[in-house]
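Working notes, beginning with the structure itself.
Excluded from the calculations below are hydrogen atoms, water molecules and symmetry mates; all remaining heavy atoms, backbone and side chain alike, are included. Every chain is numbered from 1 and lettered A, B, ... according to where its sequence line falls, protein lines coming before strand lines. Remember, it's a predicted structure, so these values are computed and weren't measured experimentally.
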2 protein chains.
Amino acid sequence: MTITIYDVAREAGVSMATVSRVVNGNPNVKPTTRKKVLDTIERLGYRPNAVARGLASKKTTTVGAIIPDISSMFFADLARGIEDIATMYKYNIILANSDRNKDKELQLINTMLEKQVDGILFMGGEITEEHIRQLTSSSVPVVLSSTYDETNTIPSVNIDNKKAAYEATKFLIEQGNNNVAFIYGHDETPISRFKFEGYKQALAEFNFTLNQDFIVNVDYSYDSGIKAVRQLLSLDRKPTCVFVASDEMALGVIHGAQDMGYRVPEDLEVFGFNNTRLATMVRPTLSTIVQPMYDIGAVSMRLLTKFMNNETVEEKKIILPHRIIERDSTKLP
Amino acid sequence: MTITIYDVAREAGVSMATVSRVVNGNPNVKPTTRKKVLDTIERLGYRPNAVARGLASKKTTTVGAIIPDISSMFFADLARGIEDIATMYKYNIILANSDRNKDKELQLINTMLEKQVDGILFMGGEITEEHIRQLTSSSVPVVLSSTYDETNTIPSVNIDNKKAAYEATKFLIEQGNNNVAFIYGHDETPISRFKFEGYKQALAEFNFTLNQDFIVNVDYSYDSGIKAVRQLLSLDRKPTCVFVASDEMALGVIHGAQDMGYRVPEDLEVFGFNNTRLATMVRPTLSTIVQPMYDIGAVSMRLLTKFMNNETVEEKKIILPHRIIERDSTKLP
DNA sequence: GTGAAAGCGCTAACAG
DNA sequence: CTGTTAGCGCTTTCAC
């Protein structure tokens, strides 16, 4: 039925070992035999069985990627970075969505391990002890992508979210705003917390007191942005400026404000986070923190390949650079 | 080192076959032995090796998904639909980006087949004979998702793109527009062609002649939308209405027009295609064709499971419903 | 209800 | 440079 390495060997008049060698590009094969084997492979239409190879070699050249939600622009970009580098290094990706659900995450890690992936790329919210236990329950290397492990046991790739939020807030304050509001996600994730801390740090540095009315905690969606800005703009003492922890929410903020008759940036300056493609797909265009999502994915995967090759890795905790990009949503005339 | 089914058998004092039975939920095991086995599995921390299982059973419970670009919103939604149903049926997904590059596509199909996937979900542009040859070079079932096979040999899931474009154009004409422009992708894909045909059909039905100046052929990006509308609005005789073959381009069109000082919809009505989340993340909100991307993915995967289970499938060519949603970008005061 | 044994298709020493 | 021979860890008849 399906043709195997054995058939090729028989037809070519060589041993399975030799066929295996030519298939795997082993140089120790006489050119003539190589050609002979290649020809009969071609003739028989032989296709190596990667499962059998995986069982014999204990390498599957596939890595597992656990991601909260591939339909989020943020993670889709990240995934693309992962996949491109994986392809470059001849790995395939088993992709699974976790919805940041802990049970699902744990369960997925297990499945990946059962499938004998050579490595795991994990994107999630909080890393608990259980996560660590599960992730280290086998010797498969793991890299966290845009995800913090506060116990510092698992390699990771991130930007400095606190610093980024600090700089964004500072930027806004230095533009002359003394009432910067902050809208962020209520997911209780270290990343959200860091952003909040960065915001507070900037406020403190300029001796502003924290105004609880100016801090809105919603989910990371566009609609939440609209809701949040409504809340803010219905305050007696309204903010003139808001730092929003994601671009998608920020678009909601811009539109929510505009729908209420406010002008951005004249009545309300808006600053985002991530620099997804959305940031330029809005009027006014959105000033934001540039977070290199694609690169985070790419660097994560690259790091993972190093672990899979047993290369020595100097820095297990990679911080990628971020920057501010100023567009029209904060540019006062 | 790693513990195997053999270890469990020995420790539990049963045969490998019995362990295999309990692991696979085979009912023909006495409850007491089942418990005994389960306990030692727990105690030893046994994790079944899916690769070995795959080799022995010739089933991997993984399917390959070949997708043009996961970072496109359209495909990200589709992928999410695929993944959710896959999870439901206990399949994992090997996800790979093809960038609609034929060589890459062919190559990916081969890789998936080598990895012994139980099925393939293919999303692409054009299906050539080579694609079909490659896709059918093994007995693995294949389903095309949002992709046409004009030779009609491979099952597929789509909406009726021609009809959708026809209805959109007709809708615009019936609103009183006698000069509907059309912006679409130059990817020479059947889908793009169908959209163009739908547009032409509507025009013909109302006895409008095709104005080549009103047909702009660019790539499917936001920036292309901007470029395209500039071109249209620099015409001596400008259109008052434009049907755009994707939401992302349509946003570009709206903003491009606004940036030039035109008002949407007063000076230019804009109609999109797909109803991605973007359609409501713009002002004015975008009237568009609702294409159920998530459902296309979900139905494709469901269909594939049927083939993988050798269930009989009545309809191999599934057309999902679409509809028009009217928002503010075409709502004249 | 349970066990023995033969593979699944390939790689990886080890010889020669 | 090439062949022989064990496995890799599990499923699957076939007996009992």
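- Counted within 6.0 Å of CD on B:Glu129, heavy atoms from surrounding residues, nucleotides or ligands total 12 or fewer; the atom is thus considered open.
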Residue pair A:Thr60, B:Lys115: steps toward the side chain to side chain donor-acceptor pair (under 3.5 Å) verdict = CA-CA 9 Å; A:Thr60 53; B:Lys115 298 235 166 167; over 6 Å; no

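- Other residues, nucleotides and ligands place no more than 12 heavy atoms under 6.0 Å from the CD atom of B:Glu42.
- Using a 4.0 Å heavy-atom distance criterion, B:Val19 is classed as making no nucleic acid contact.
- Per the geometry, OH belonging to A:Tyr6 stands 13 Å off C1' belonging to D:dG3, to the nearest Å.
- Ion pairing between B:Glu126 and B:Lys102 fails under the 4.0 Å rule for side-chain N and carboxylate O.
- A donor-acceptor contact under 3.5 angstrom links the side-chain atoms of B:Arg21 to the base of C:dG3.
- Taking every side-chain heavy atom of A:Val29 into account, D:dT2 is the closest of D:dC8, D:dT2, D:dC10.
- Salt-bridge formation is detected for the pair B:Glu150/B:Arg193: a Lys NZ or Arg NE/NH1/NH2 atom is positioned less than 4.0 Å from an Asp or Glu carboxylate oxygen.
- Put simply, A:Ser15 has a side-chain N or O that comes within less than 4.0 Å of OP1 or OP2 on D:dG3.
- Distances shown here put every side-chain N or O of B:Thr4 at or beyond 4.0 Å from the OP1 or OP2 atom of D:dC8.
- In this entry the distance linking CG of A:Asp7 with C1' of C:dC8 reads 13 Å, nearest Å.
- Ranking D:dC1, C:dC10, C:dT11 by closeness to the A:Pro48 side chain, first place goes to C:dC10.
- Of the candidate nucleotides C:dA12, C:dA4, C:dG9, C:dA4 has the atom nearest to the side chain of B:Ala17.
- In this structure, CG of B:Asn49 is placed 6 Å from C1' of D:dG9, rounded to the nearest angstrom.
- One interatomic measurement links the two molecules: CG of A:Leu44 to C1' of C:dG9, which rounds to 15 Å at whole-angstrom precision.
- In the set C:dG3, D:dG9, C:dA12, the nucleotide with an atom closest to the side chain of B:Val14 is C:dG3.
- Checking B:Pro31 against A:Ser57, the closest nucleotide of DNA chain C that is more toward the 5' end is the one next to B:Pro31.
- B:Ile5 has its CD1 atom 18 Å from the P atom of C:dC8, to the nearest Å.
- Residue B:Ala52 places its side chain closer to D:dC10 than to any other of D:dC10, C:dG3, C:dG9.
- Between B:Ser20 and the phosphate of D:dT12, there is no side-chain N or O to OP1/OP2 separation shorter than 4.0 Å.
- In the set D:dT11, C:dT2, D:dG3, the nucleotide with an atom closest to the side chain of A:Thr18 is D:dG3.
- Proximity note for A:Lys30 (side chain, C-beta onward) versus C:dG1, C:dC10, D:dC1: the nearest is D:dC1.
- Along DNA chain C, the nucleotide nearest B:Asn28 and the nucleotide nearest B:Met16 are compared for position; the residue whose nucleotide lies closer to the 5' end is B:Asn28.
- Pairing each heavy atom of A:Ser98 with each of A:Glu105, the nearest pair is CB-CG, 3.6 Å.
- Distance, B:Lys115 NZ to C:dG9 C1': 16 Å, rounded to whole Å.
- With D:dG7, C:dA12, C:dC8 as the candidates, the nucleotide lying closest to the side chain of B:Leu55 is C:dC8.
- Summarising the geometry, the separation between CZ on A:Arg10 and C1' on C:dG9 is reported as 14 Å, rounded to the nearest angstrom.
- Atom NZ of A:Lys58 and atom P of C:dC10 are 18 Å apart (whole Å).
- Taking every side-chain heavy atom of A:Ala56 into account, D:dC8 is the closest of C:dC8, C:dT2, D:dC8.
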